[in-house]
Amino acid sequence: MFVIFLGPPGAGKGTQAHKVAEELGILHVATGDILREDVKQGSDLGLQAKSFMDRGELVPDDLVIAMIMERISRQDAVSSAVFDGFPRNISQAEALESRLADRGASVSAAVYLKVSEAALVSRLAGRWLCRECGANYHEVNHPPAQVGRCDMCGGTLYQRSDDAPETVHRRLQVFLEQTEPALEYYRQRGLLAEVPGEGPIAEVTERIIRAVSGPGL
Ligand code: AP5
């Protein structure tokens, strides 16, 4: 079972992919999180990826595809995974299809979270994350009990540098130019599940589970 989450920045891919992976009891692979960890560690990949991420551009395909292929070659991803933020263009979609086909597997469903641009901009402008455990807050929709402190672990909260308004604008453009064609790729294969991504988080999760439930899932 391999499920993909697609959607513009702030659509709720990370929030929902985490919940759905937990619900299905399978691995959650988030490309943005892996890349940010590499940047933090100062690895070769992190050093190469940073300038693209800071500008809101996609990290080059050769780097991201190699990173994901290595990740899914491990034992915990042999038969299932939820991908969040991968693929983001046709080349990445083709690389994934080809690698899964080598194992006699294929993508089971591609979930496209649809959210209005106004909601995306407000979600990203108000997003705060915990430096320690990665917990996700929003200053209006889901504020922490104490400003700047994580409810879960007491860690310090920070805002992502690519959530600055000008970078968000570029990330939205990149989605339209490069990721929308990948939606068509999955639509043509009958795998695209379009899910309204606004409303309470738990309701969105239920919509996704209903949309992807069916033979093989
Ligand atoms: P990545 O980290 O994947 O960023 P993104 O796709 O821009 O998505 P976000 O993480 O901003 O948003 P999300 O959709 O996960 O929403 P979230 O659940 O956090 O990638 C970052 C960068 O890495 C890219 O720009 C690129 O440079 C690089 N990269 C990554 N993958 C790559 C690839 N495959 N190829 C090349 N480069 C790649 O929710 C957002 C906020 O909304 C949160 O505060 C949340 O609490 C809130 N929220 C969620 N759901 C709801 C709801 N229903 N109602 C109200 N608020 C909600």
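Nothing fancy with the numbering, it's 1 onward along the sequence. Both ligands and their constituent atoms are indexed starting at 1 by order of listing.
When hydrogens are left out, the protein atom nearest atom 35 (N) of ligand 1 is Q92 NE2, 2.9 Å; that is the closest non-hydrogen contact. Among protein heavy atoms, the minimum distance from atom 16 (O) of ligand 1 is reached at G12 N, 3.1 Å. Given atom 46 (O) of ligand 1, the protein heavy atom at minimum distance is N136 OD1, 3.3 Å. Protein heavy atom at the shortest distance from atom 55 (C) of ligand 1 is N141 ND2, 3.6 Å. Remark: minimum distance from atom 13 (P) of ligand 1 to any protein heavy atom is reached at K13 N, 3.5 Å. Remark: minimum distance from atom 15 (O) of ligand 1 to any protein heavy atom is reached at G14 N, 2.8 Å. Protein heavy atom in closest approach to atom 49 (C) of ligand 1: T15 OG1, 3.6 Å. The protein atom (non-hydrogen) at minimum distance from atom 4 (O) of ligand 1 is R160 NH2, 3.2 Å.
Atom CE of M152 has 12 or fewer heavy atoms from other residues, nucleotides or ligands within 6.0 Å. Heavy atoms of other residues, nucleotides or ligands lying less than 6.0 angstrom from NE2 of H28 number more than 12. No more than 12 heavy-atom neighbours from other residues, nucleotides or ligands sit within 6.0 angstrom of CD on E117.
Side-chain atoms of E177 and Q173 include no donor-acceptor pair closer than 3.5 Å. Side-chain atoms of D38 and S43 include a donor-acceptor pair closer than 3.5 Å. Residues T205 and Q16 have side chains that bring a donor and an acceptor to within less than 3.5 angstrom of each other.
Every atom of ligand 1 with a heavy atom of G197 under 4.0 Å away is listed here by number and element: 53 (N). Applying the 4.0 Å criterion to heavy atoms of E57 picks out, from ligand 1, the atoms 26 (C), 27 (O). Residue-ligand proximity, V64 to ligand 1, at heavy-atom distances under 4.0 Å covers atoms 33 (C), 34 (N), 35 (N), 36 (C). Taking a cut-off of under 4.0 Å to the non-hydrogen atoms of R36, the atoms of ligand 1 that pass are 2 (O), 21 (C). Contact atoms of ligand 1 toward L35: 23 (O), 28 (C), 29 (N), 30 (C), 38 (C) (distance under 4.0 Å to a heavy atom of the residue). Applying the 4.0 Å criterion to heavy atoms of G85 picks out, from ligand 1, the atoms 31 (N), 32 (C), 33 (C), 34 (N).
Side-chain heavy-atom separations under 4.5 angstrom define the hydrophobic clusters, and V78 shares its cluster with no other residue.
Some N or O of T31 is nearer than 3.5 Å to an N or O of ligand 1, by distance alone. For ligand 1, the polar-atom distance check finds an N/O of G199 within less than 3.5 Å of one of the ligand's N/O atoms. Looking at H138 next to ligand 1, no N or O pair under 3.5 Å apart turns up.
Closest heavy-atom approach to atom 36 (C) of ligand 1 among the candidates L6, I68, V115, V59: V59. The heavy atom nearest to atom 38 (C) of ligand 1, out of those in R88, R170, R127, is found in R88. By heavy-atom distance, the residue among Q178, R171, R123 lying nearest atom 42 (O) of ligand 1 is R123. Nearest to atom 12 (O) of ligand 1 by heavy-atom distance, out of G10, G7, P196, is G10.
Checking each of V20, T15, V195 against F5 for a side chain to side chain contact (heavy atoms under 4.5 Å, CB included) leaves exactly one that passes, namely V20.
Applying the ring-ring contact (aromatic ring centres under 6.0 Å, His included) definition to pairs two or more places apart or across chains, those involving residues 128-174 are Y137-H142.
Contact annotation: for Y137 versus ligand 1, heavy atoms closer than 4.0 Å belong to the backbone alone. For P8, every heavy-atom contact with ligand 1 shorter than 4.0 Å involves the backbone, none the side chain. Within the 4.0 Å heavy-atom criterion, the part of L124 lying near ligand 1 is the side chain and not the backbone.
Ion pairing of R171 with D163 is present here, as a side-chain N (NZ or NE/NH1/NH2) and a carboxylate O approach within less than 4.0 Å. With respect to the salt-bridge test (charged N to carboxylate O, under 4.0 angstrom), the residues R207 and E203 qualify.
Under a 3.5 Å cut-off, the side chain of S108 and the backbone N or O of F2 do form a donor-acceptor pair.
Stacking of R187 on the aromatic ring of Y185 is not recorded, the 6.0 Å distance cut-off and the 45° axial limit not both being met.
The shortest distance between side-chain heavy atoms of P9 and V168 does not fall below 4.5 Å.
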